[in-house]
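Here the structure is a predicted model, which is why all the values come from computation and not from measurement. Protein chains get the first letters and strands the later ones, always in sequence-line order, with residue 1 at the start of each.
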Amino acid sequence: MIDLRVLRENPDLIRRSQELRGESTRLVDDLASADTAHRNALQRYESLRAEQKQFGKKVSAASGDEKQQLLARTRELSGAVKAAENAVTTAAEALRNAQFAIPNLVEEGVRPGGEDDYTVLREVGEIRTPDPCRDHLELGELLGAIDMERGARTSGARFGYLTGVGAQLQLGMLQLAVQYALEHRFTPMIPPVLVRPDAMAGTGFLGAHAEEVYYIERDDLYLVGTSEVPLASYHSGEILDLTEPRRYAAWSTCFRREAGSYGKDTRGIIRVHQFDKVEMFSYCRPEDAAAEHERLLAFEEDMLGKMELPYRVIDTAAGDLGSSAARKYDCEAWLPSQQRYLELTSTSNCTTFQARRLGVRYRDEDGKPRTAATLNGTLATTRWLVALLENHQRPDGSVYVPKALQPFVGREVLEPVG
RNA sequence: GGAGGAUUCGCCUAGUCCGGUCUAUGGCGCCCGCCUGCUAAGCGGGUUUGCGGUUAAUCCCGCAUCGAGGGUUCAAAUCCCUCAUCCUCCGCCA
């Protein structure tokens with residue numbers, strides 16, 4: 001949710017941001033007029049209401065004929081107040097809609113353009129193409145680690161079983177991520193994955209992403225596509241002490257409908273309806289947000305380093321940002337079987353956009369409540385197994401387990417099963 | 001699934017039966033000042049949040065805010081309805 005103060009004082013800032021994203025600047029004018037209309041309606045209502053309250057006092061003090069006369073007057077006022085109140089409600093709703101229509105202000109330095117206009121910040125590690133090069137599903141089946149066929153039988157397309165060493169590998173990786181988070185003073189969390197409409201809407205996932213979300217109609221609950229949702233909602237309506245950023249790392253299962261991605265990544269576990277993830281989430285002061293964003297990115301890179309994977313870091317272009325993100329960095333690992341990069345992590349700085357809607361605040365030096373900033377990022381997720389298997393495969397079909405993972409997985413090499 | 005009780009400005013709490021003097025009581029905590037060898041105590045004042053008006057900023061003024069949303073009424077913390085959450089009990093079940 002955009003700050004209306006910015007709209008009033010510096011609307012060009014919002015216009016420029018809209019241009020960078022390739023979105024309409026007319027929405028900014030719409031919002032401005034909705035804001036004015038709302039304020040006018042409010043003022044009309046408030047002065048009428050003040051008058052009504054004054055009369056109310058007189059009524060209670062008066063008696064007899066005098067009281068009857070006053071009552072006649074207040075009855076008229078009452079109608080006017082109700083009408084004015086309705087006008088405010090309508091105007092407020094229009095304002096809210098106009099406000100939701102505008103995505104977050106893009107951070108300084110983000111390039112314009114769409115999905116393909118990212119900037120590569122760096123490439124880390126050495127790209128190698130194994131020979132023979134098996135893809136992750138072939139390897140997963142060879143190792144008895146992934147079973148998509150039975151997954152489909154049980155649950156349909158884009159569902160799978162992680163079996164044996166596959167399950168071990170994922171559990172080990174996620175545990176390593178949690179331990180890493182603990183070392184860096186995150187509070188580990190296991191959040192609910194079914195959430196109320198408020199929580200889902202508050203994080204902005206019922207807007208453009210609405211089609212992506214599983215909904216349990218009978219109980220009016222949503223299945224989260226990322227623990228960002230319960231983590232953002234965790235402190236909603238609260239005033240926090242943010243002298244230091246508050247960091248949470250949540251381990252959860254994630255559910256995505258993957259509507260509109262028909263035919264894309266249909267093989268294996270690259271894109272599935274259900275996966276597990278350890279997600280980082282920070283609440284901090286807005287002035288600390290950019291630095292915190294760099295920190296989250298560094299944590300992600302650290303983890304990818306522990307996985308011994310070659311990857312690159314990209315700075316997403318404005319048009320490819322989510323609606324609440326002001327800036328987004330993705331880490332993409334090399335995928336030998338497809339000779340391309342695959343997104344393994346994504347960290348977004350949502351500045352105050354998300355927190356404003358959720359009512360998450362902190363007290364500044366003067367003790368005044370101010371809207372906090374929120375950030376999120378991936379610390380490990382099921383998809384990483386794809387990169388691990390493919391990059392660490394050996395000619396005989398066995399797969400090397402990275403040093404950092406070995407204690408968690410309990411072995412150094414995954415061997416094909418007979 | 002059913003019955004009853006609860007939800008008030010950081011925490012506790014009065015008020016709800018019987019609508020208007022509630023501009024929400026008192027205590028604790030916290031902040032400022034006075035007093036004082038120091039500390040404590042004592043005394044005085046302040047202390048929800050949001051929006052709007054005004055302002056250089058403060059101040060000040062108005063409106064809203066008593067779990068949420070509706071309704072009744074000239075007027076709602078107070079009456080009615082729906083919902084949420086918590087507690088107690090009954091039933092059912094992994």
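- For A/R312, the CZ atom is densely surrounded, since the number of other residues' heavy atoms within 6.0 Å is greater than 12.
- At least one side-chain nitrogen or oxygen of A/R49 sits closer than 4.0 Å to the OP1 or OP2 atom of B/A64.
- Across the protein-nucleic acid pair, A/L240 atom CG and B/G10 atom P stand 15 Å apart, rounded to whole Å.
- Spacing between atom CZ of A/R96 and atom P of B/G50 amounts to 15 Å, rounded to whole angstrom units.
- Residues A/F299 and A/F186 place their aromatic rings such that the two centres sit under 6.0 Å apart.
- The residues A/D12 and A/R16 are annotated as not salt-bridged, no charged nitrogen and carboxylate oxygen being separated by less than 4.0 angstrom.
- The gap from the C1' atom of B/C18 to that of B/G10 amounts to 33 Å, rounded to the nearest Å.
- At distances below 3.5 Å, at least one donor-acceptor pair connects side-chain atoms of A/H273 with backbone N or O atoms of A/R256.
- Applying the 6.0 Å contact sphere to CZ of A/R8 captures more than 12 heavy atoms from other residues, nucleotides or ligands.
- Using P as the reference atom, B/C86 and B/C74 are 39 Å apart when rounded to the nearest Å.
- Along RNA chain B, the nucleotide closest to A/R363 and the one closest to A/E51 are compared, and the more 5′ of them pairs with A/R363.
- Taking atom P on both nucleotides, B/G45 is separated from B/G50 by 27 Å, rounded to a whole Å.
- A salt bridge links A/R370 and A/D364; the closest N-O separation between the charged side-chain nitrogens and carboxylate oxygens is under 4.0 Å.
- Under the 6.0 Å distance and 45° angle rule, A/R153 does not count as a cation-pi partner of A/Y161.
- Among the protein residues, A/F55 comes within range of no part of the nucleic acid, since none of its heavy atoms lies under 4.0 Å from any strand.
- With salt bridges taken as basic N to acidic carboxylate O contacts below 4.0 Å, one links A/R39 and A/D35.
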Under the 3.5 Å Watson-Crick or G-U criterion, the dot-bracket string of RNA chain B, with | for inter-strand pairs: ((((((((.[[[..)....(.....]]]((((((.......)))))).(((((......)))))..[[[[[..)....]]]]])))))))....
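- Between B/A68 and B/U7, the two P atoms lie 13 Å apart (nearest whole Å).
- Ring orientation note: the planes of A/Y248 and A/H235 are tilted relative to one another, at an angle of 30° to 60°.
- A close approach under 4.0 Å does occur between a side-chain nitrogen or oxygen of A/S78 and OP1 or OP2 of B/A75.
- In this structure, the CG atom of A/L48 is 12 Å from the P atom of B/C63, given to the nearest Å.
- B/U13 and B/U25: their C1' atoms are spaced 9 Å apart (whole Å).
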Polar-atom pairs under 3.5 Å, protein N or O versus N or O of nucleotides 52-59 of chain B: list them with distances, or write none.
| residue | atom | partner | partner atom | Å |
| --- | --- | --- | --- | --- |
| B/G52 | OP1 | A/R8 | NH1 | 2.6 |
| B/G52 | OP1 | A/R8 | NH2 | 2.6 |
| B/G53 | OP1 | A/R39 | NH1 | 3.2 |

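- Contacts of A/E76 with the nucleic acid, taken as non-hydrogen atoms under 4.0 Å apart, are absent.
- Rounded to the nearest Å, the gap between the C1' atom of B/G20 and that of B/U82 is 27 Å.
- To the nearest whole angstrom, the two P atoms, one in B/G46 and one in B/G52, are 27 Å apart.
- A salt bridge between A/R196 and A/D220 is absent, with no side-chain N of the basic residue lying under 4.0 Å from a carboxylate O of the acidic one.
- If A/T74 and A/R370 are placed on RNA chain B by their nearest nucleotide, the residue sitting closer to the 5' end is A/R370.
- The number of heavy atoms from other shown groups lying within 6.0 Å of CD1 (A/I190) does not exceed 12.
- For RNA chain B, the residues of residues 194-203 of chain A within the heavy-atom distance limit of 4.0 Å (strictly under) are A/R196, sorted by number.
- More than 12 heavy atoms of other residues, nucleotides or ligands sit less than 6.0 Å from atom CD of A/E415.
- B/G62 and B/U23 have their C1' atoms separated by 13 Å, given to the nearest Å.
- Residue A/H38 contributes atom NE2, which lies 11 Å from atom C1' of B/A64 at whole-angstrom precision.
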